[in-house]
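Lettering follows sequence order; numbering is per chain, from 1. Reckoned from all heavy atoms, side chains included, excluding hydrogens, waters and symmetry mates.
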Amino acid sequence: MKTIVIGAGLGGLLSAARLSQAGYQVEVFERLPLTGGRFTNINFRGFQLSTGALHMLPHGPAGPLAQFLKEVKADVIIVRADRPTIRLPLKKHHPDYRHGFKDIAFSEFTKPLSHKDRLKIALLVVSTRKNRPTGSSLQTWIRTQFKDEWLVKFADSFCGWSLSLKSDKVRVEEIFEIIESMYRFGGPGVPIGGCKAVIDALEAVIFANGGRIHTRAEVSQILVENGRATGVVVGNETYRADLVISNLGHAATACLCSEALKEKIYADYIRMLKTLQPSAGIKICLAADEPLIGYSGVLLTPYAKRVNGINEVTHVDPKLAPPGKHLTMSHQYVAPENVKSLENEIDSGLNDLKEIFPGRKYEVLLIQSYHDNWPVNRAASGTDPGNETPISNLYVVGDGAKGKGGIEVEGVALGVAAAMKKIIG
Amino acid sequence: MKINDNCVGCGQCTSFCKQEAIEVKGKAKITAACVECGICSFYCPVKAIEVPM
């Protein structure tokens, strides 16, 4: 079976590795000169920054992505990070960190609550595992259960960090699926060598299985005949295939076969595409001589104005920074209405970092923002429309077609696994 | 070099600029250090860098 993969991002390469392993003849076309999409390293003044992701796998060495990598025999070492922590103001009535702060373990998130609310949470932990809440946003659900706004703040910080969404935009079903995954697979891990180590390992698998990867090769059209994908056009060349996998998200994929999709029978699909909302975010990369956090676990910052969380991956892999330096990265969610004023959002983020690390010395290496056509997620978590398209033998993978309950790249891996099951069986 | 409205500010271009001639804050900005080699444009994921002919 001849297969063409459009886009050499994580989803495309996971698919190519799995299919080539299963004996498919795989050819990957990537528009850019580099592979890995928003999941690879870029060298910046000796620091291994990333094109997107923060060098972390949300469920570490036991999660869906790590499992997938193991299955395709991609050789990556993933080290579990320290446990996440939450930064609280010193006194409960303080609105921010300006008068000091204290850090508590992620598992102690109920600490700021009253005894009554803590008891209620303990009961909900048990009851919701059997009867999952449904039908509302996470924020609405929290507010129907509790009066204390701390839980909304905490949820916003967690959702902002992991999904680049606010808790009012996350379906309660999605978050409970994520909580279940946290029980099952544990917390984050860091791939040694950063995101690029994953990409390199997948490419090695693809090449070993006889697959090919073309860079600077832009697919301009997906060929469709009688409702079936039959190949692609790259430059002046036509490449025929039995199967086409697109890593571009549903909307951009549809643009490549817009003529075929003009038929009436596809109207529902086209309408659905218009409802898809990418999620936006800002990453601020800091360099420091002395560690700013001091451990490899995520630091959630619910009392910062914009920054949702920060990690310091050099505690797991010191080679992600020049000798003696640390790489610290913050992430902040950007609301759709604030995308037009990104500079203000960035300034707020920079101010937050000053409050989170008062009196500490660091250098802002690079500020990276993601939205619209190069977003955090092409489909906001919980709204992914699956891997299938109305065109037969045309599948979509990647962050526009994540699996349920999968945070970021874990969702990408779950989505690819689901697509591969449909294709290979 | 001209940065068009496609730019999201991802900063990918600046890491490939040998002249350190691109500043990024919400959007990329070309500085006077630019020698118009055009390398950055290949690396832009959203076709936001236009190279003068």
Is the closest side-chain heavy-atom distance between [X] and [Y] below 4.5 Å?
X       : Y        : answer
A/Thr40 : A/Thr35  : no
A/Phe39 : A/Lys196 : no
A/Ser50 : A/Cys195 : yes

Residue, of A/Val339, A/Ile346, A/Asp372, that accumulates the most heavy atom pairs under 4.5 Å with chain B = A/Ile346
message = Looking only at heavy atoms and a cut-off of under 4.5 Å, which of A/Leu32, A/Asn43, A/Leu342, A/Leu34 has the most pairs with chain B?
response = A/Leu32
query = A/Thr253 and A/Ser246: side-chain donor and acceptor closer than 3.5 Å?
reply = yes
message = Would you call the rings of B/Phe16 and B/Tyr43 parallel, tilted or perpendicular, taking 30° and 60° as the class edges?
response = parallel
ask   = Of the backbone (N, CA, C, O) and the side chain (C-beta and beyond), which part of B/Glu20 lies under 4.5 Å from a heavy atom of chain A, both, or neither?
value = side chain
key: Region of A/Arg45 that comes under 4.5 Å of a non-hydrogen atom in chain B   = side chain
inquiry  = Taking side chain as everything from C-beta outward and backbone as N, CA, C, O, which of these in A/Glu30 sits under 4.5 Å from a heavy atom of chain B? Side chain, backbone, both or neither.
reply    = neither
